[in-house]
Amino acid sequence: MSREPVVGVLALQGDVREHLAILPELGAEAVTVRRPEELAAVDGLVIPGGESTTMARLAARFGLLEPLRAAVAGGLPVYGSCAGMIMLADRLLDAPPDQVTVGGLDVTVRRNAFGRQVDSFESEVALEGLPGGPVHAVFIRAPWVEQAGEGVQVLGRVVGGPADGRIVAVRQENLVATSFHPELTGDRRVHALFVDIVRRHLAERAGVAGEEKGQPS
């Protein structure tokens, strides 16, 4: 019998509680992650919205930056929402020159692309592969993806308005990122997609471990 996945929420800064409340509804055990040993114990990780520059500085201060980079490089499933998208991006535009990221997602992300806090807005976004119709998306000082590499799947774009066509949801293997905040709307489908990725990753690892145990010495 497979165990429930353990999904951490990076709890350095930002809207941590909302994600912690949603994950158990989807059959995952939700825990906070602030230290390298806590990161090492999870099957997947959510990087929440918040202030990306503060989050990056705190990750470095807590000794988490390099472990995060190693975990992503090792295939750990990670979902980044808003600031989390910025943290996962390989390249940034309109960022302070000293801002660092975890990286792993082959995208160029423009910080605060939609404007300041007062320019926050809500819109409907159709997400590829997500049944049930468009997602009601909340954008708060949100980034967008300016450019996506060949291995990145574009899941969603803005439809209509001055930002028409801008990329706001992407996936690259076990990494998912959205410009918007699904944790604020009551729609669990983005989180469900991510938890499914975590479960598939767990099953693949279990299969590999089983094959290795079955090999003759």
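Keep in mind the model is a prediction, meaning the values are calculated, not measured.
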Shared ILVMFWY cluster between [X] and [Y], side chains joined below 4.5 angstrom?
| X | Y | value |
| --- | --- | --- |
| Phe194 | Leu88 | no |
| Val7 | Leu202 | no |
| Leu64 | Val102 | yes |
| Leu127 | Val109 | no |
| Met85 | Val135 | no |

Distance in Å, [X] [atom1] paired with [Y] [atom2], rounded so as to fall on 0.5 Å steps:
| X | Y | atom1 | atom2 | value |
| --- | --- | --- | --- | --- |
| Phe62 | Leu10 | CZ | CG | 10.0 Å |
| Asn112 | Ile140 | CG | CD1 | 12.0 Å |
| Leu68 | Ile47 | CG | CD1 | 6.0 Å |
| Gln153 | Leu155 | CD | CG | 5.0 Å |
| Glu29 | Glu4 | CD | CD | 5.5 Å |
| Leu58 | Thr54 | CG | OG1 | 6.5 Å |

Might you point out which heavy atoms bring [X] and [Y] nearest each other, and give the distance in Å?
| X | Y | answer |
| --- | --- | --- |
| Val72 | Gly103 | CG1-O, 3.7 Å |
| Ala89 | Leu92 | CB-CD2, 3.9 Å |
| Gly27 | Pro5 | O-CD, 3.6 Å |
| Thr53 | Pro96 | CG2-CG, 3.9 Å |
| His181 | Gly49 | CE1-CA, 3.8 Å |
| Asp43 | His201 | O-CD2, 4.5 Å |

Quick one: do Leu184 and Glu18 satisfy side chain to side chain contact (heavy atoms under 4.5 Å, CB included)? Show the steps, please.
CA-CA 7 Å; Leu184 299 180; Glu18 291 85 351; 4.2 Å; yes
Keeping the roles fixed (side chain from Glu38, backbone from Arg34), state whether a donor-acceptor pair exists under 3.5 Å.
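Answer holds: yes.
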Taking 4.0 angstrom as the limit, do Glu51 and Arg111 come out as a salt bridge?
yes
State, yes or no, whether a side-chain contact exists between [X] and [Y] at a heavy-atom distance under 4.5 Å.
| X | Y | answer |
| --- | --- | --- |
| Arg91 | Asp106 | yes |
| Pro48 | His19 | yes |
| Asn174 | Val78 | no |
| Cys82 | Ser179 | no |
| Asp90 | Leu105 | no |
| Val31 | Val9 | no |
| His136 | Val125 | no |
| Leu45 | Val33 | yes |

Who are the side-chain contact (heavy atoms from CB on, under 4.5 Å) partners of Thr178, not counting sequence neighbours?
Tyr79, Ser81, Ala169, Phe180, Pro182, Val190
Checking Arg110 now: which residues fulfil side-chain contact (heavy atoms from CB on, under 4.5 Å) with it, not counting sequence neighbours?
Leu93, Asp94, Ala113, Trp144, Glu146
Sort and list the pairs that fulfil salt bridge (charged side-chain N to carboxylate O under 4.0 Å, His left out) and have at least one residue in residues 169-188, not counting sequence neighbours.
Glu25-Arg188, Asp187-Arg189
